[in-house]
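As structure tokens, the structure follows; a few thoughts come after it.
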Amino acid sequence: MILPLSRTMKTLTFALSALCLAAALPAAELGPVVAEAAKYQSGGPVEPLRALEQALRDSAGDAAARAEVEAALIRLLAPTSTQEARRFACTQLAVIGSDKALPALAGMLTGEDTVGMACLALGSYPSPKANQALREALAKAAGPARVQIVVTLGDRRDGDAVKSLTPLTRSPDDALAQAAIGALGKISSPAALAELAGLRDKGDPVLARAAAAALLVSADLLIQAGDSGAATGIYDALLRESQPTHVRRAALSGLLSIEKDAGQERIEKVLRGKDGALKPAAIAAIRALQAKEASARFAGTIGALTPDEQVLLIDALASRKDEAAVAAISTNLAAQAPAVRGAAALALGRLGDATMVPTLVKALSAAPETEDRQAIASALVGLKGGEAVDQAIVQALNKQDDKTKPPLISVLGKRASRSSVPALLELAGSADAAVAKAACVALNKLVQSEDLKSVLDRLLTLKAADARAALEGTAAQALSRTAEPSRRTEAVAAVLANATNLEARVSLLGLLPSCGNAQALDTLKAARTDAEPRVREAAMRGLAEWPDASATEALIEAARAATQDTERTLALRGASRLLGATADAAPAATAARFKTVMELSRNADEKKLVLGHLGRVHDLAALQLAESCFGDQAVAAEAALAVATIAPHLCGAHRQAVQAALARVADLPADAELKQSARDMLEAVKGFSDFITAWQVTGPFTKEGWPGKDLFGVVFAPEQGDDASLRWQPMPAGTDKTKPWLLDLGKLYGGDNRLAYARAWVYSETAQPARLELGSDDGIQAWLNGKVVISNNRGGAVAPAAEKAEVSLEAGWNKVLLKVVQWTSGWGYCARLAKPDGKPLDGLRVQNTPPN
């Protein structure tokens, strides 16, 4: 930015002034600096103020120079100076001000807009005559100004002000009365203390509370001054039961801080007494006591306390962290009150180490309530000591009955104890189902790839049948943490080969989907011919849960060959799920396989399974398959939902077919919301007019750290020719009822700073001229038959025909490719082919798949 010449010269002048002052410029030459400083406004040039500060520093040890600087600051207090300038002067005078500045400062005390800054200066003013100036101003000031003056007199602890302040303590102005009481508390003179004592004992409740608080301040100041006797008298008076609880507790804390034994005797007296209001304060003081015997001494008072007070004492003892405290807390694991037992357990969890394990385990086995067991278990989880604690818990486990083992096993899991995995694997083989299940749950968090064989071996020797599902889950966790599919499969196959137990064989077959490779799939296929029915069923379930499309044909064949409804339903469910999950890869082929699956379905439930996944297939054959089910009332609602789900993806390329299917939805037993959705889509399709809505899209494409605007010139794969690795999908259309022609990439992909490509093929009977009209949000580039015809990298909302290009259509198929860039916010496009004059161009056919 270029400053005006006059301002530039001023800035340079005062920068030079500051440099000159730094070189000991005579204070008498401060006149021009003061003149400019007097104009200072917040945010303006600060050089004049910095120059005055430097002059003040340079005047140290030079009385004459200091006087000149003070005189300059006094001139800066003039009413003609800005408020900011006067406040600056007051800040400096608070440090160096003498009697010479008092008249100017005193004059500011009666103005509401200047009293605050004057009190800022006078609060720590070095001259004792400031007190007199404040007292005189107090007699003249009114309103809020009086409050600030009163506070400043208190800060200065002016004993001579007590006479003036005393009547103000009963002022009808609450703020003034409270300020006067607070000021007397800071002054702390005998007269001030007498006035406060009278207010404490005879004043109205509000004033009495304020006086008590002020007396607490007085006592602290008296202690600092070395007059602990006077402070003791104040505290003793404030301990009376007539005083508010918080005041009494503060008074007790004050007394404890000045007693020779740090208040130990008084603390014990309070704890053994009946004054419950003071006990929390007494207990809190125990934390800071230095005496070694304090923990044992006060642990002995716990019987005189209520359960809530015992909890406070346990927490205070825990903060001391000594042996006596730990021993005292341990005894309270068996206390009568649940809250006390819980507090003791949690405290030991913070303090203890491996040596505390036997104590906590014993308490756990004897704990009468669920909450107690949870608290003790939390304590064991929190014990510090790492593997030493883990092993101590394992050793304790071996000595427990089955009832106590599950919570201890859970503790090991929560401690993430890898060293306890062998012991947990052993416990997973327990004949007690609760113990075995608890071990499996803990192992789920702990097992790694190296534990896989041990977990699988345990499946062969499992004793508790009810724990089998839990152990299968543990094995699945170990498999998931084994990176290579071949290692997973080899491990399961090796154990399966030696498995003679039917239950184990079933479990191992159920793990093969977690392996996910061809060898595992072949194992399941082979098991489908096993002589044992449960093995065949397990293999069927494994195929139905297979993670990728490689099991699809096996499932279809299983459905075709099934002799039982359950078997066929499992196969159809699995096949439908896999087909739906991979539909985008080859929609036409997937639709054909769905037709086969539908033909194999023998009842409404099985057809519903198929229709539930069919909606993910964006192909005309899928739409027609769903529509063919409209006549079956038992599945008509599911068929209507499938049609409504497919329709937005096909309406651009297959307008008439989609319109016909959606029109039939209104007559089906579908819910009202679905019917309205169908009507909305019908209206949208009618609004397409002659816009091109049949597109395939691919994306999004990004570059790390690149804004969308800069991506416009980057050449991605779609510009380099058809790339088999690209995933093209139908572009949903009609998603905005108010703008049916808008193709919304934001709804499809989302995100900012990215781009997508769209392609369509247009058939023209003859070679003819045309006009391509585009709208986009944001930048757009268009190719017709490989030639760039439009290129504009700009922001803005989609507007039809915002970009136009005169083009020539070839006879036959013409390929249109678009590149649509997203900067931020909206992202979409629209396109239309028209005659050169903009009128509709009839006779064109558009499709979103490459022509044969």
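Start at 1 with the first residue, then count along the sequence. What you see is a predicted model, and the numbers here were worked out from it, not measured in a lab.
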Checklist entry - side chain to side chain donor-acceptor pair (under 3.5 Å) between D432 and S430: does it pass, once the steps are laid out? => result CA-CA 5 Å; D432 185 283; S430 171; 5.4 Å; no
Any [X] side-chain heavy atom under 4.5 Å of [Y] side chain:
| X | Y | value |
| --- | --- | --- |
| L611 | L641 | no |
| Q633 | P669 | yes |
| V762 | K815 | no |
| L452 | L479 | yes |
| K405 | D402 | yes |

Would you say the side chains of [X] and [Y] form a donor-acceptor pair under 3.5 Å?
| X | Y | answer |
| --- | --- | --- |
| S507 | R468 | yes |
| R655 | T693 | yes |
| T461 | R458 | yes |

Item to check | Side chain S601, main chain N603, donor-acceptor under 3.5 Å | outcome: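 Side chain of S601 to backbone of N603, a donor-acceptor pair under 3.5 Å: no, none is there.
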Next on the checklist: Given 3.5 Å as the limit, does a donor-acceptor pair link the side chain of D744 with the main chain of L742, or not?
Outcome noted: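 Answer holds: no.
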Checklist entry - If you draw the axis of the six-membered ring of F630, does the NZ or CZ of R664 fall within 45° of it and under 6.0 Å from the ring centre? => result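 No.
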Next on the checklist: Go through it in stages, so that I can follow the logic: the residues are L502 and R534, the test is side chain to side chain contact (heavy atoms under 4.5 Å, CB included), and I'd like the CA-CA distance, side-chain angles, deciding distance and then a yes or no.
Outcome noted: CA-CA 8 Å; L502 177 59; R534 288 193 57 201; 4.1 Å; yes
Looking at [Y] and [X], is any side-chain nitrogen of the basic one under 4.0 Å from a carboxylate oxygen of the acidic one?
| X | Y | answer |
| --- | --- | --- |
| R505 | D530 | yes |
| R573 | E606 | no |
| K737 | E683 | no |

Item to check | Candidate pair R832 and D690, rule salt bridge (charged side-chain N to carboxylate O under 4.0 Å, His left out), full reasoning | outcome: CA-CA 7 Å; R832 176 176 179 260; D690 61 343; 2.8 Å; yes
Item to check | Residues Q822, N753; criterion side chain to side chain donor-acceptor pair (under 3.5 Å); working and verdict | outcome: CA-CA 5 Å; Q822 160 69 338; N753 300 307; over 6 Å; no
Next on the checklist: Walk me through whether K675 and D671 qualify under salt bridge (charged side-chain N to carboxylate O under 4.0 Å, His left out).
Outcome noted: CA-CA 6 Å; K675 290 183 178 183; D671 64 47; over 6 Å; no
Checklist entry - Of all heavy-atom pairs between C629 and V635, which one has the smallest distance, and what is that distance? => result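 So the minimum-distance heavy-atom pair works out to O-CG2, 4.0 Å.
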Next on the checklist: Set out, in order, the CA-CA distance, both residues' side-chain angles and the distance that settles salt bridge (charged side-chain N to carboxylate O under 4.0 Å, His left out) for E545 and R541, then state yes or no.
Outcome noted: CA-CA 6 Å; E545 295 170 5; R541 292 186 181 279; 6.0 Å; no
Checklist entry - Quick one: salt bridge (Lys or Arg N to Asp or Glu O under 4.0 Å) pairs with a partner in residues 472-488, sequence neighbours left out? => result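 Matches after skipping sequence neighbours: E484-R487.
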Next on the checklist: Is the ring pair Y757/F701 parallel, tilted or perpendicular, if the boundaries are 30 and 60 degrees?
Outcome noted: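 Ring orientation, 0 to 90° scale: perpendicular.
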Checklist entry - T489 and N517: side chain to side chain donor-acceptor pair (under 3.5 Å), yes or no, with the steps? => result CA-CA 8 Å; T489 304; N517 66 352; 2.7 Å; yes
